Amino acid sequence: FNPPHLGHVSAVEVAVKNIDFDEVWVMPCGKRIDKVIPTSYEDRRNLGNLLVDYLQTLIQIPIKLLTTELDDTEGKYTHEVIVELKSQSKDEIFQLVGIDGFMGIKERDIGPDEKFVVIKRSGYEFPEELISNTNLIFLDEGVGGISSTKIREMVKNSDEEYKNLVPEKIVSYIEEKGVYL
């Protein structure tokens, strides 16, 4: 969600259309194994709130921003936060990820209770050996090839086309705060 974009919106819409969720939690990551995130936690929290507000205009179930990782001072990774959330709830918790993100996650040990909704993305195939895994739900409905990395590059290079890839209030925030310049 750096920045949140219409591909994220499409992924949530596809998941909600295909699976009966009670609510959706949007959780921007904190510390990452695979990269450094230079965008401030404050900006990412604010962008997350704007995404939640936008999603709530499209989706009827409750949507909440969880800043657990952004607020964490111990440097926990997403999977550690998910394990903690599951220990505090009797509800099933699924992580919604694109296939490209999932392929990176599957390289580490995935706990036996971790559940994923994996969205197809152009250029990636669902791993045949994982199709029968009951903790994985694969949604074959592609959501486009929008990339937060590409959007950040577009903003930095003054490419106005990025405005077609993110919700309007997020465009306004990026411009007002000078994020990604």
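Keep in mind it's a predicted model, so treat the numbers as computed, not measured. The analysis underlying the following values was restricted to heavy atoms, covering all of them including side chains, and did not include hydrogens, waters or symmetry mates.
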Task: Check: Ser148/Asn2 side-chain N/O donor and acceptor closer than 3.5 Å - done: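 No pair is found: no donor N or O on one side chain lies under 3.5 Å from an acceptor on the other.
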
Task: Donor-acceptor side-chain pairing of Gln56 and Asp53 below 3.5 angstrom - done: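 Short answer, no.
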
Is it the case that one hydrophobic cluster holds both [X] and [Y], taking links as side-chain heavy atoms less than 4.5 Å apart, direct or via other members?
{"X": "Val24", "Y": "Leu66", "value": "no"}
{"X": "Phe1", "Y": "Ile170", "value": "yes"}
{"X": "Val9", "Y": "Trp25", "value": "no"}

I'd like to know if the side chain of [X] and the backbone of [Y] have a donor-acceptor N/O pair within less than 3.5 Å.
{"X": "Ser89", "Y": "Lys86", "value": "no"}
{"X": "Asn133", "Y": "Asn135", "value": "yes"}
{"X": "Arg44", "Y": "Cys29", "value": "yes"}
{"X": "Ser40", "Y": "Asp43", "value": "yes"}

Would you check if [X] and [Y] make a side-chain contact, meaning some heavy-atom pair closer than 4.5 Å?
{"X": "Lys163", "Y": "Glu175", "value": "yes"}
{"X": "Leu65", "Y": "Pro28", "value": "yes"}
{"X": "Ile137", "Y": "Asn18", "value": "no"}
{"X": "Val81", "Y": "Met27", "value": "yes"}
{"X": "Val166", "Y": "Leu6", "value": "no"}
{"X": "Tyr41", "Y": "Asp71", "value": "no"}
{"X": "Val118", "Y": "Leu139", "value": "no"}
{"X": "Glu161", "Y": "Leu165", "value": "no"}

TODO: Report the distance from atom CD1 of Ile151 to atom NZ of Lys156, rounding to the nearest 0.5 Å.
DONE: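 Answer for the CD1-NZ pair, Ile151 versus Lys156, is 16.0 Å.
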
- [ ] Could you grab the distance from atom OH of Tyr173 to atom CG of Leu47, nearest 0.5 Å is fine?
- [x]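 The OH atom of Tyr173 sits 5.5 Å away from the CG atom of Leu47.
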
- [ ] Would you please indicate if the ring centroids of Phe116 and Phe94 are separated by under 6.0 Å?
- [x]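 No.
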
